Asker: 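Attaching a single structure in structure tokens format; questions to follow.
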2 protein chains.
Amino acid sequence: MTSIGVGARSTKQREALVHVLDEVDGFRSAQQLHALLGERGAKVGIATVYRSLQLLADAALVDVIHSEEGEASYRRCSTRHHHHLVCRVCGRAVEAQAPAVETWVAAIAAEHGFSDVSHDLEIFGTCADCLP
Amino acid sequence: MTSIGVGARSTKQREALVHVLDEVDGFRSAQQLHALLGERGAKVGIATVYRSLQLLADAALVDVIHSEEGEASYRRCSTRHHHHLVCRVCGRAVEAQAPAVETWVAAIAAEHGFSDVSHDLEIFGTCADCLP
DNA sequence: CGTATAGTGATACCCGTTATCATTTACGTC
DNA sequence: GACGTAAATGATAACGGGTATCACTATACG
């Protein structure tokens with residue numbers, strides 16, 4: 001499946017981007033994805049990469065995380081809500097679900113009268129393959 | 001207590017910054033803090049604000065969070081490990097601890113062979129005072 | 001096929017943050 | 001208190017990720 005969403009046209013650039021995202025199993029920044037596209041001969045402008053990633057993110061077809069330095073990274077993901085265990089060296093990611101976390105978040109928010117609540121939980125570490 | 005750390009000199013600028021941080025009960029960005037300093041007559045350069053905040057953060061005297069847009073915000077905090085429930089309108093924050101989250105994080109990391117693990121959990125919402 | 005319209009890309013721009021470097025300040029020592 | 005030195009400051013340039021602009025191109029659909 002390489003379509004992006006209803007109302008979005010299918011272009012070579014977007015298909016190339018989705019293709020790259022499918023081949024990679026970890027989080028990659030927009031710039032990395034742009035470079036990867038260039039390497040395989042797909043000349044896609046950086047602006048288009050950002051636009052398409054945003055489309056994909058809005059359609060929940062990719063997950064976005066923000067690294068410890070604030071840079072955004074993207075990855076093809078399942079659609080259920082989940083968190084990530086991300087290798088900060090290679091970007092490889094493991095999806096993890098934790099119902100306990102969700103319920104705790106909801107409880108603590110309710111307890112303090114907060115509404116319209118969202119949360120962000122990312123776990124960063126070094127995976128076994130990337131140990132020094 | 002307004003000292004910053006061993007090996008750091010005490011300057012008017014840093015004391016003013018710490019003072020402002022003590023008066024405020026929510027997260028504030030570097031630029032907001034810089035503006036607050038200006039309002040109360042303390043002329044502190046923006047570069048110094050960033051440098052001092054980094055010092056304070058390194059000394060674990062302030063907590064840093066990154067908003068959903070990637071901007072860093074700072075707040076005087078207790079030194080124990082904890083998470084935050086942050087109002088995305090006024091910046092007011094509630095500290096929260098969740099041992100269950102810590103143990104879950106450690107377990108999932110160990111299970112997948114990740115080492116040198118850190119995690120980030122921030123909860124954003126709208127507090128009761130800021131409801132429309 | 002032809003047209004309306006979404007998409008593209010080069011580039012300028014924005015904004016938060018960091019680096020540079022000359023000047024100033026804090027602080028231990030005499 | 002005066003000195004000397006290393007740290008700190010601040011104005012500003014530079015940097016980097018991300019977005020806006022706008023003329024041009026390509027897609028979808030009748």
Side-chain angles (χ1 to χ4, degrees), chain A residues 2-21 27-59 61-75 88 91 122, chain B residues 2-20 27-59 61-75 88 91:
Chain A
T2 54
S3 78
I4 296 222
V6 289
R9 291 181 181 173
S10 156
T11 67
K12 294 186 202 306
Q13 291 90 339
R14 284 185 189 163
E15 282 169 17
L17 175 61
V18 172
H19 192 238
V20 168
L21 280 167
F27 281 89
R28 294 290 182 277
S29 69
Q31 321 253 356
Q32 288 176 318
L33 292 166
H34 179 238
L36 284 171
L37 285 166
E39 281 174 19
R40 44 198 83 182
K43 291 168 206 121
V44 181
I46 187 70
T48 298
V49 173
Y50 277 110
R51 269 184 301 236
S52 302
L53 286 172
Q54 206 150 335
L55 273 182
L56 289 164
D58 289 348
L61 294 175
V62 299
D63 272 5
V64 189
I65 61 172
H66 291 87
S67 74
E68 290 158 324
E69 294 84 40
E71 189 181 18
S73 290
Y74 304 83
R75 182 195 189 222
R88 58 167 80 84
E122 309 296 347
Chain B
T2 51
S3 79
I4 296 222
V6 290
R9 293 183 179 170
S10 158
T11 66
K12 295 187 203 305
Q13 291 89 341
R14 284 186 190 161
E15 282 170 17
L17 175 62
V18 172
H19 192 238
V20 168
F27 280 90
R28 295 290 183 275
S29 69
Q31 321 253 357
Q32 288 176 316
L33 292 167
H34 179 237
L36 284 172
L37 284 167
E39 283 174 17
R40 43 198 84 183
K43 291 168 206 122
V44 180
I46 186 71
T48 298
V49 173
Y50 278 108
R51 269 184 302 235
S52 301
L53 286 171
Q54 206 150 340
L55 273 182
L56 289 164
D58 289 348
L61 293 176
V62 300
D63 274 4
V64 188
I65 61 172
H66 290 88
S67 73
E68 288 157 326
E69 294 84 39
E71 189 182 18
S73 290
Y74 304 83
R75 182 194 189 226
R88 59 168 79 85

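If you're wondering where the values come from, they're calculated on a predicted model, not measured in any experiment. Side-chain atoms are counted along with the backbone in the values below, which use heavy atoms only and exclude waters and symmetry mates.
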Asker: Output the single nucleotide from C/dA26, D/dG17, D/dT27 whose closest atom is nearest the side chain of A/Gln31.
Answerer: D/dG17
Asker: What's the closest nucleotide to the B/Arg9 side chain, out of D/dG10, D/dA6, D/dT12?
Answerer: D/dA6
Asker: From D/dG18, C/dT8, C/dT17, pick the nucleotide closest to the side chain of A/Thr11?
Answerer: C/dT8
Asker: Please determine if a side-chain N or O atom of A/Tyr50 lies less than 4.0 Å away from the OP1 or OP2 oxygen of D/dT19.
Answerer: no
Asker: Return whichever of B/Tyr74 or A/Val49 has its heavy-atom-nearest nucleotide of DNA chain C closer to the 5' end.
Answerer: A/Val49
Asker: Considering only C/dG9, C/dT17, D/dT27, which nucleotide approaches the side chain of A/Thr48 most closely?
Answerer: C/dG9
Asker: If I take atom NE2 in residue A/His34 and atom P in nucleotide D/dG17, what distance separates them, rounded to the nearest angstrom?
Answerer: 13 Å
Asker: Give one of base, sugar-phosphate or nothing for B/Gln54, where a contact means two heavy atoms less than 4.0 Å apart.
Answerer: sugar-phosphate
Asker: Students often get this wrong, so: under 4.0 angstrom with heavy atoms, is B/Ser10 touching a base, only sugar-phosphate, or nothing?
Answerer: sugar-phosphate
Asker: Side chain of A/Ala8 only, please: which of C/dT11, C/dT17, C/dG7 is the nearest?
Answerer: C/dG7
Asker: A/Gln13 side chain N/O closer than 4.0 Å to the phosphate oxygens (OP1, OP2) of C/dG9?
Answerer: yes
Asker: Does A/Arg75 have any salt bridge (charged side-chain N to carboxylate O under 4.0 Å, His left out) partners at least two apart in sequence or in another chain, and if so, which?
Answerer: A/Glu95
Asker: Using modelled atom types only, decide if a donor and an acceptor are shared between the side chain of B/Arg14 and the backbone of B/Arg9 within a distance under 3.5 Å.
Answerer: yes
Asker: Does a side-chain N or O of A/Arg14 approach OP1 or OP2 of C/dT8 to a distance below 4.0 Å, or not?
Answerer: yes
Asker: Relative to the 5' end of DNA chain C, which residue comes earlier, B/Lys12 or A/Lys12, by the nucleotide with the nearest heavy atom?
Answerer: A/Lys12
Asker: Nearest to the side chain of B/Ala47, which nucleotide is it out of C/dG16, D/dT19, D/dT12?
Answerer: D/dT12
Asker: Quickly work out the A/Ile46 CD1 to D/dG16 P distance and round it to whole Å.
Answerer: 14 Å
Asker: D/dG10 base to B/Arg51 side chain: any donor-acceptor pair below 3.5 Å?
Answerer: yes
Asker: List, one per line, each side-chain donor-acceptor pair under 3.5 Å for residues 33-47 of chain B, sequence neighbours excluded.
Answerer:
residue	atom	partner	partner atom	Å
B/His34	NE2	B/Val44	O	2.9
B/Arg40	NH1	B/Glu23	OE1	2.3

